[in-house]
Structures are given as C-alpha cells and as structure tokens.
Amino acid sequence: MKSYKIYLAIIIIAFAVYTLFGGTAHQAVSGASLESPSLTHPLGTDDLGIDILAQLIHGGGYSIFLGIFSAGSATFIGSIIGIISGYIGGKIDHFLMAVCDIITGMPQMILLILLGAFLGASYLSMIIVLAMLSWPQTARTIRARVLFIKEHDYIRYSKQMGTPLYAIITRHFLPPLKPLLTLAFIKMMSRSIMMEASLAYLGLGDPTSKSWGMMLNKAMAFPGIYFTPYWKWWLTAPLIALVCLILSLMLLSKEIEV
Amino acid sequence: MSKKITLFLIISCLSILFIGCAQSADDNTANAASPENNTEVESQQTADESSENNASNALEDTPTVIRLEGSDTGLPNPFKHLTRGPGMSKMQILYDSLLEIDADGYIPWLAESYHIDETGKIFTFKLVENAKWHDGTPLTAEDVLFTFEYYKTHTPVVDNLNIDGTYIVESVVQSDTWTIDIHVSQVDNTNLSRLGGVRILPKHIWETVDDPIAYDAPDATIGSGPYYMTHYDPVKGEYRYEAFDAYWGPAPAVDAIEWLPVSDSILAFENSEISLVNVSADLLTRYEGDDAFVVRKLPSFHAYRLMMNMTDVPALEAVNVRQAMAYGIDREALVAKIARGAAEVSSMGYVPKTSKWYNPEIEAYAFDAAHAKSLLDGQTYHFRLLTGNTPSEVKLAELIKLDLEQIGITVAIESVESKTRDEAIKTGDYELLLVNSGGMGGDPDYLRSIYGNASANTAALSASTLKGYQNETVAELAIEQAHTLDENQRMTLIHEMQSLIATDVPMIMLYTNQDNFVYRASEYDGWYARFDHSKLDHNKLSYVVPTP
C-alpha cells in the first residue's frame, strides 16, 4: 500500500476510533499552557492547555469529512446538472451552462467569504457554501462526456424503446461516468479542504472549531509566536499534517486519472 | 523510493517556505523602512535639560514622526469618534480642554487657573490668552461659553455633562474676555473633572451646524490642540497629525504622528515601522535587560467582564444563578492561560484592587465548582454567549464554556466582529456577552455610571446597558457618595456599594490585564501614563514637550 494511502487511512481510522470512544480531549484542558512535547502530550499543548495531538486527530476527521460531504454534494449536483444539460440540450443546456459560467467566472474566495458571512461560519454552512461553489466544474466535465455518450446507438435504441429517463441515466450514463465522477470527487475534496483551511486561517471559519486551518489561525494569532519556542509544536504539527493531506489527495487523484 | 524522496522534499520546502514567510517579511520591510523611514525621533522624558535639548535639536534637524498601530476609529471630533480609547484619544489630541490629566491628577490647560467658590457650585476658569484654533482664529471665552451651550442640545460621544438625564451646567457667564463662571446645579465630587474635561469647540465653525453627527466638512476636525489633522483614510484606518506651530502651550514633541494599519504589531515594532507596542508576557524576556528597549508595566484599568441580560433572560434574574456562574468560572486559570499570568483577577465590586477605594472585605468569588453547583440546586441552563472575534476573546469564551459546563450550564458561543458586539451592548441583543472595557481608573464615581442608574460618561458601558439590574440601595448610595465631600465618609459609602454589587453580581468581572509597553528610548522616550488611564499612546501629554 502506498504511503499516502496509509496516511489517509490513519487520519480516518484515528478520527473514527477517537470519536467512537467519545474523545473530548480536543476541547478539554488537560495540561498546562504551551507544554512542549512529552509522553503525556506527544505534540505538546496549546495556550489553553489543550492537547495538540487530540486536536490534530479531531481536526483531521473534521477536514476529511468536510471534504467528503462538500465534494459529495458538489459531485451529486454537478453530475445531475451535467447529465440534464448534456442529454436534454437546447435552452436548458444554454441556461445551465450560463449559470456555470457565472459561478466559475466569479472570484471564488471572495464569494466564499461573502456567503460564509451571510450563512454563518458553522460546519453545515461551510459544506453548503463549498458545494455551491464547486459543482460547475463537475457539471461541465460530465456534460461533455454525456454529449459524447448520447450519440451512441444503444442510447438512441433505448429512447426509441421507451426506456424511462431515470433508467437511461442509471444504466447507460452513470457506469461510464463513474471514473470521471470519482476523479472529480477526489479533486473537489482536496479543493474543499484547502478552501476551508484558507478561510479558517483568515479567521473566517467557525472560531470554536478545531480544524487544522483554525489551529493554524490560533497559533499564528498568538502575539509574536515566532519569537517564542511555541511555534515548533503548535504551528508545525497542523501545518505538516495539512500539507501532507493535500499532497496525498493530489497523488490519489493522479493515480485514478492514470 | 524516488517518489518518497520527492514527497519529502516538497513537504519540507512548503513548511520552510511557510514558516520562513515572517523572516522574509522582516527583511523586506526592514529594507523598505530604511533609511528615509527610519527617522530618529527625539524628545523629552522629564524636565532633564539634556533630554529637552535633544528634543529641540531633533526638531530643528530632521522631520520627526511617531508611528503607531492604527485602525479606523472614526472622524476625530467630539461627535464622531468611536467610544473606545483609541478613538477618544485621537480626538483629544486635536481638541483641548480646560484641564488636562497627568500622572497625579488634573492640571491647568486651556484654563491657566481655576477657582471653586465656597458653595461648590460656581467654577471660575481663567483662560490662557494666546490660544488659537488650527485655522488661526483666536480662542476666547466666547468659544468656551458657546461649547457649554452647544453640548446642552448636541450631545457629544463622551457625555460628561449629563447626570441622571440632567445637564449639570445651569449657566455660563463670561466675566471678561478671558474669564468664565460656570454655575452647576448641584454639588458633586466629579464636577471639576466633568467641566474640566469638556473638549472646547470653535464657535465660528459649529454655531452654524445643526446636526454635528452628520457634519463632516474639512473644518470638522479643527481644534486648538498641539497637532492638527492632515490625513484621514477611514478605509485603511490611517491618520496623520502634524505639529501645530502656533500652539499656545507646551510645544509639540514631534513633527508628526501617524497611525498606520499593521498586520502584526510585534513584527511591525521589530522592523521599526511603529514606535510603541504592547507585548504579551511571553515576549517580555526578549526586551527586558536589553538597553535598547524600555519596558513599562502598567495596570491597564481595563477588565474583561461577562455581562448578563437580566431583562430578556428570566433565568439570569435569579441572583443564585449569577453567583453560581461567578463561583463556577476559574478566573485564576483565565489569567494563567489567556493573559499568560500578566493580569489580576478582578474584584467583583468593580473597583480595581490597585485603587485606594477598593474594598478588600467583599466576597472574592474564589473558584468553587461544588458551591456553584449547590447554588444551582440541580437546575441546568443554556445560554448564548456573544463575544468578539479576536483570538483572546474566543479563547476566553471557550474556557468559560468549559467551566460552566462543569456546573450544569451549557453555552453556545457566537463570535462576531467587535463593533457588532459593542452595538449589542447598547441594543441588548445578547444573553451573555463578553467584553473588555476600560474607564476603571481615577475617581470611583464610575460606580454611579454603571450600577447606580446614572447617565454614563462613556457610551460603551453604562447603567442603561446593564440590562435589568436595579438595586435601590446601590442607586441611593451612588448619589450620596457623589455629594459627600468628606473623603472618609465617602470611602465608607463606596465600600458599601462594592459590597452590595459583589453580592448582586450584575456582571461577572473576570480579570484586569497588565499592559507591557515597549519602546526604543533612542527613537522617542516621551511616553507618559495618566493616573486614570495607562495606555501610553492615549495620553495627550505623551506628544508634547513638558514644561519644567
């Protein structure tokens, strides 16, 4: 098994085990402020005395599942719209693609900040906002593929035989689209995690969450952290974890693509 | 294998790049700051002659500029500045008052002398004769007379002249060109500070202005202070003041003062982009013991407090719930974790422990979760806690939430921009609210403003915003202490008030920060703290050469 897959598995398993056993160490004060790494706190503690490893495990799950839910929603919306647009065509296709163009043409980060401000910085609103901004790319890709598939004879025969639209989509369109959708899902997941981390780092996420971006934000907000030794464990741990996660997802999508 | 090496190299590079950002920013900004920006600022510190000579020499040689961390705090005139210290102080540099405040008390300023008659109701102020407005017009007693009339119908942001909704000035009589007699409605310990602190307005500008809040013409910041404003950008939060050469009083210490937005105040100070910084306790060792820096540790006269809306939240009307919360919050832990030890747990009677008016006999509310639980008698509650979005406020809210959960009170934290939070204090749109606020230095009459149902001298926190608190005894004591001239007798009343307030717990006083100001004496060493306000950059006297 490749190392990045092991890393992704560790994040998910660690979060699952931690959550199943009712872990609350990521939000409980369990030590003195800013303890350096020790056997009790392998990655040290933050300024509130909360264990950083526990925050990292919880934050990993937070990020991965945020990515899964937002990418899943975006993939679902994008594939529906892509198939409808490509299969039906005409004015509906023009309209849906115009919506895609509008959303794609807008500066994503600014839109994310604005929507986040209106909907609040909760976990759910973050998923909704990320999904709302991510689906057009999938829709475009899927539409292009559907335009190609629908010209096949078996699709025309199916239509002539009176096969319902739902059946055509599930039986004839989805199987060949599956690799494409998987790839889009992984890419969007990576993008969503990055965007959430960026928002949190800028201080626009849920301030009480323990996502990796918010961990970075809080560490960076500590006055003059670079002039203290605390950055070595407080800042470095979430930073490396986040970089590794994004790289792992990139490598995973590359493998699927190939 | 090669993939693993590549992966490792990419991670390492990204990490080093990220962590190294600060250092490269250092280098860039340091280069940008020198040499023309790295101006040497010299001035005064004491009456020491050599220091004064340095100041005057520097003024003659090169333009000297004090640069400070800035943000938009409103148009700096008495009607449009923001209520908090940074807004107030910028306005006070432009506008003079009859009296000023130094390290010990009130000192003559626009009024070169004053006299209080034996009834305590007539205050005679003799004005300096050479004062001018920034546009060159002479400042006379007519301006002072006009100011007191104007404030009667046009309330400034800092409203010191209204007590219990009554304007304290009955009449103002101009006895000669430079002398005025102010008649007040009743004897009050705070009359001198209230009258003396009023910012004098230029009559020739404001007499035609009906709506001062809407007025933003270029002459809306013309005052008589040692500096005049040459630049204000509300979007960037930039201000520039330049020395007023025709200033009547102590000479401006530098050629200009600038407030600039900075992303990180510590880095900005390290790069000499700003002249003064307030650092956390963790960074003190970096500057202490280094002769290049001066460290000033001062009590901040600010306190974090947990406000409770007793009007809209029935559960908070019960004193046992409020007391339980006071016992249930480990305030020592807040000091240790959030303030990193550089703070003191506040007195529940509001008066700071450093004040001579502090009553040490009142209930201390030491952390006692078991007692807190017993006070709640098995009841559980849920509250919404509104806080600002600064890291320290959010962290404070998190710790309070954790503490209160232990005694059966769950809390949902809602973090908003600080101006929104401050607005919520006025509107009452909160259940619990976390805020850091000042105004705790000097005369303890602030107890009347906050707890005694009197009008407040700051709009940030006032009795009207302590939602639902009403204690008739406290209100009566508040009035009595204001009219009691005997200090011992007044001390007894103030102590009694603190005792009652501590029992009622209308808001939970958390802790008072210590300010750790750091500056380079070689750049500028004229920073002063007032006896009632320790922020060095908020003190007008920090920007003028003191008279021997």
Side-chain angles (χ1 to χ4, degrees), chain A residues 2-4 7 24 26-34 45-50 117 120-122 201-210 214 216-232 235-248 250-251 254-255, chain B residues 3-4 6-8 10-15 17-23 25-26 264-267 269-270 277-283 285-287 330 333-334 336-338 340-341 385 387-399 401-403 405 411-417 516:
Chain A
K2 295 195 172 150
S3 53
Y4 62 86
Y7 179 67
T24 54
H26 66 282
Q27 53 187 9
V29 177
S30 56
S33 295
L34 297 163
T45 61
D46 67 6
D47 57 343
L48 300 185
I50 300 175
S122 70
Y201 179 73
L202 292 172
L204 298 164
D206 177 1
T208 60
S209 77
K210 300 289 179 194
M214 196 50 79
L216 285 172
N217 168 273
K218 287 187 176 169
M220 290 287 287
F222 187 82
I225 189 166
Y226 291 119
F227 301 116
T228 69
Y230 313 138
W231 66 268
K232 291 174 191 166
L235 191 61
T236 316
L239 176 66
I240 292 176
L242 188 63
V243 171
C244 288
L245 175 61
I246 301 299
L247 277 175
S248 298
M250 279 168 63
L251 291 171
K254 195 181 166 197
E255 188 181 288
Chain B
K3 273 188 181 177
K4 283 181 183 171
T6 312
L7 186 67
F8 175 76
I10 291 171
I11 292 170
S12 305
C13 289
L14 283 171
S15 303
L17 188 72
F18 186 82
I19 293 164
C21 275
Q23 188 54 48
D26 279 6
D264 185 316
S265 59
I266 308 289
L267 284 176
F269 179 72
E270 289 278 334
V277 70
N278 192 356
V279 304
S280 69
D282 289 290
L283 291 177
T285 49
R286 183 175 174 80
Y287 301 109
D330 187 354
L334 302 183
K337 291 179 190 303
I338 312 288
R340 308 288 299 139
L385 169 59
T387 182
N389 58 2
T390 63
S392 57
E393 286 170 319
V394 173
K395 285 185 280 190
L396 194 51
E398 277 186 68
L399 284 185
K401 177 186 173 178
L402 292 174
D403 279 346
E405 273 173 4
V411 171
I413 299 171
E414 192 182 331
S415 168
V416 294
E417 212 266 327
N516 302 306

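Treat the numbers as computed from the prediction; the structure is a model and nothing was measured. The chains referred to below are lettered A, B, ... by the order of the sequence lines, with proteins before strands, and numbering in each begins at 1.
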task: Working to the nearest 0.5 Å, report the span between CG of A/L48 and CG of B/L402.
output: 8.0 Å
- prompt: Relative to chain A, which segment of B/I338 carries a heavy atom at a distance below 4.5 Å: side chain, backbone, both, or neither?
  reply: side chain
Taking every non-hydrogen atom, the tightest pair across A/G49 and B/K337: CA-NZ, 4.2 Å
statement: Sorted by chain and number, sequence neighbours left out, ring pair (Phe, Tyr, Trp, His ring centres under 6.0 Å) with A/F222 holds for A/Y230, A/W234
message: Heavy-atom pairs under 4.5 Å with chain A: which of B/L283, B/L399, B/V394 has the most?
response: B/L283
message: Before you tell me yes or no, could you show the steps for A/F227 and B/L267 under side-chain contact (heavy atoms from CB on, under 4.5 Å), namely the whole-Å CA-CA distance, both residues' side-chain angles and the distance that decides it to 0.1 Å?
response: CA-CA 10 Å; A/F227 301 116; B/L267 284 176; 3.9 Å; yes
message: For a quick test of reading the model, state the closest non-hydrogen atom pair linking B/A336 to A/S33 and the distance between them.
response: O-OG, 4.3 Å
Candidate pair B/K395 and A/D46, rule side-chain contact (heavy atoms from CB on, under 4.5 Å), full reasoning: CA-CA 11 Å; B/K395 285 185 280 190; A/D46 67 6; over 6 Å; no
task: Would you mind telling me which of B/T390, B/I266, B/D282 has the largest number of heavy-atom pairs within less than 4.5 Å of chain A?
output: B/D282
Chain A contact via B/A333 - which portion, at a heavy-atom distance below 4.5 Å: neither
message: According to salt bridge (Lys or Arg N to Asp or Glu O under 4.0 Å), does anything in residues 217-231 of chain A pair up with another residue at least two apart or in another chain? List the pairs.
response: A/K218-B/E398
